[in-house]
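Counting from 1, the numbers follow the sequence of the chain as shown. Remember, it's 1-based here, ligands and their atoms both numbered in the order they're listed. Predicted, not measured: the structure shown is a model, and the values here were computed from it.
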Amino acid sequence: MQSNLAVARAASPFAKIWAIVKADAYGHGLEHGLRGFAEADGLSLVEWEAAVRLRDLGWRKPIMMLEGAFDPTDLIIADQHELEIVVHNDEQLAMLESARLSRPLQVHLKINTGMNRLGFVPDKVQQAAARLRAIPVVNSISFLTHFANAENSLSVLNADLQFARFKEAIAGLEGPTSLSNSAATLLQRQLQADWIRPGVMLYGASPGGGSAASFGLRAAMTLKSQITAIQQLEAGDVVGYGSSFTADKPMRIGIVACGYADGYPRHAPTGTPILVSGQITRVVGRVSMDMLTVDLSMLPDVKVGADVVLWGEGLPIDEVAAAAGTIGYELMCALTPRVRRLLQN
Ligand SMILES: Cc1ncc(COP(=O)(O)O)c(C=O)c1O
């Protein structure tokens with residue numbers, strides 16, 4: 001995490017960094033995120049309880065709530081714990097207008113530059129900023145937008161277009177800006193702002209547009225297990241639920257203690273890469289709740305107890321994700337609580 005943070009810093013040397021730690025630090029555990037990103041300038045997330053935990057764990061630098069207040073009591077929490085908030089719609093503005101707080105809040109006005117999830121459309125930004133400025137419990141105002149396709153400059157909504165809309169929307173308004181997610185940090189260096197907001201790259205996965213290694217990123221998470229049983233199959237034997245895999249010749253099958261109840265994707269098909277004793281092989285048959293099955297035919301020395309790496313060091317999460325028709329983000333975030341998060345230096 002520290003090394004990936006340094007990659008982000010080098011990519012945007014004049015910007016401050018909001019390290020994104022929503023979804024339990026993308027599945028890595030909030031405490032680990034806090035330690036790994038100690039050198040970040042701020043942490044940013046969505047979940048209010050987790051933000052309070054960050055304060056309890058001793059984080060004193062800024063915290064930004066990426067989706068702002070969901071209801072008025074969130075503003076009380078922001079007040080108590082000095083949390084900065086995004087304001088993205090009229091309802092949140094109204095909440096702030098009627099809030100009675102002990103001190104003014106730092107507010108980040110979110111602008112919808114075409115992604116059409118959160119934010120004020122450009123035409124409404126000046127008016128929203130004026131309303132914010134008139135609220136006594138608002139301290140200073142920053143401005144942000146979010147890129148939909150920063151990994152793909154050819155997109156109909158590319159980052160340059162969103163950037164141009166953003167600049168136009170905030171023309172004449174004073175205040176810091178925050179823009180780039182991981183893809184923009186790595187691939188759209190022409191788009192400068194006061195802050196960047198990298199997430200997935202800090203965990204060592206690619207946001208698209210190149211492999212993690214090509215960006216100099218290192219896996220923060222290695223999901224490990226072991227072989228707990230071995231079966232010898234004859235040609236025609238089948239494996240697992242639904243008998244979706246049939247051996248076409250005699251083969252050895254290893255059973256791995258990891259399944260969808262751990263967050264390994266059930267839809268990972270036969271052929272998904274996996275490392276056994278440091279050697280690449282493939283998942284075969286259907287992933288079950290607590291187990292999956294792998295082909296050991298080419299690995300005659302592997303015995304019960306052998307190490308298995310499902311993704312991470314030696315096997316990029318993005319390759320496993322691609323085989324399973326998803327993205328590294330989803331695999332990380334889907335890791336379940338029963339998987340122990342062990343720190344290794
Ligand atoms: C508003 C905002 N900023 C930054 C990020 C970080 O994005 P990434 O993980 O692609 O770097 C996210 C993640 O979804 C986000 O929603």
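Between R286 atom CZ and T293 atom OG1 the span is 11.0 Å, to the nearest 0.5 Å. Between M221 atom CE and L310 atom CG the span is 11.5 Å, to the nearest 0.5 Å. Put simply, OG on S142 and CG on D194 are 8.0 Å apart, with the number rounded to the nearest 0.5 Å. How far OG of S182 is from CZ of R197: 10.5 Å, rounded to the nearest 0.5 Å.
Looking only at heavy atoms of the protein, atom 13 (C) of ligand 1 is closest to K22 NZ, 3.1 Å. Of all protein heavy atoms, the one lying nearest to atom 11 (O) of ligand 1 is S182 OG, 2.5 Å. In terms of protein heavy-atom proximity, atom 7 (O) of ligand 1 is nearest to N181 CB, 3.5 Å. Counting protein heavy atoms only, atom 10 (O) of ligand 1 is closest to Y329 OH, 2.6 Å.
Around CZ of R338, the count of heavy atoms belonging to other residues, nucleotides or ligands within 6.0 Å exceeds 12. Under a cut-off of 6.0 angstrom, the local environment of CZ in R60 is crowded, with over 12 non-hydrogen atoms contributed by other residues, nucleotides or ligands.
Heavy-atom separations between P198 and ligand 1 include at least one value shorter than 4.0 Å. Taking a 4.0 Å cut-off on heavy atoms, Y26 registers as neighbouring ligand 1. A heavy-atom separation below 4.0 Å is found between H146 and ligand 1.
Within ligand 1, counting atoms from 1 as listed, the ones closer than 4.0 Å to a heavy atom of K110 are 1 (C). Of all atoms in ligand 1, listed by their number and element, those nearer than 4.0 Å to a heavy atom of L66 are 1 (C). Which parts of ligand 1 touch V200 is read off a 4.0 Å heavy-atom cut-off, strictly below it: atoms 8 (P), 9 (O), 11 (O).
A donor-acceptor pair is defined here as one N or O able to donate and one able to accept, closer than 3.5 Å; no such pair exists between the side chain of R341 and the backbone of G29.
Taking only non-hydrogen atoms, the option from R197, M201, M115, M64 nearest to atom 4 (C) of ligand 1 is R197.
Between E31 and R53 there is a salt bridge, since at least one side-chain N of the basic residue sits less than 4.0 Å from a carboxylate O of the acidic one.
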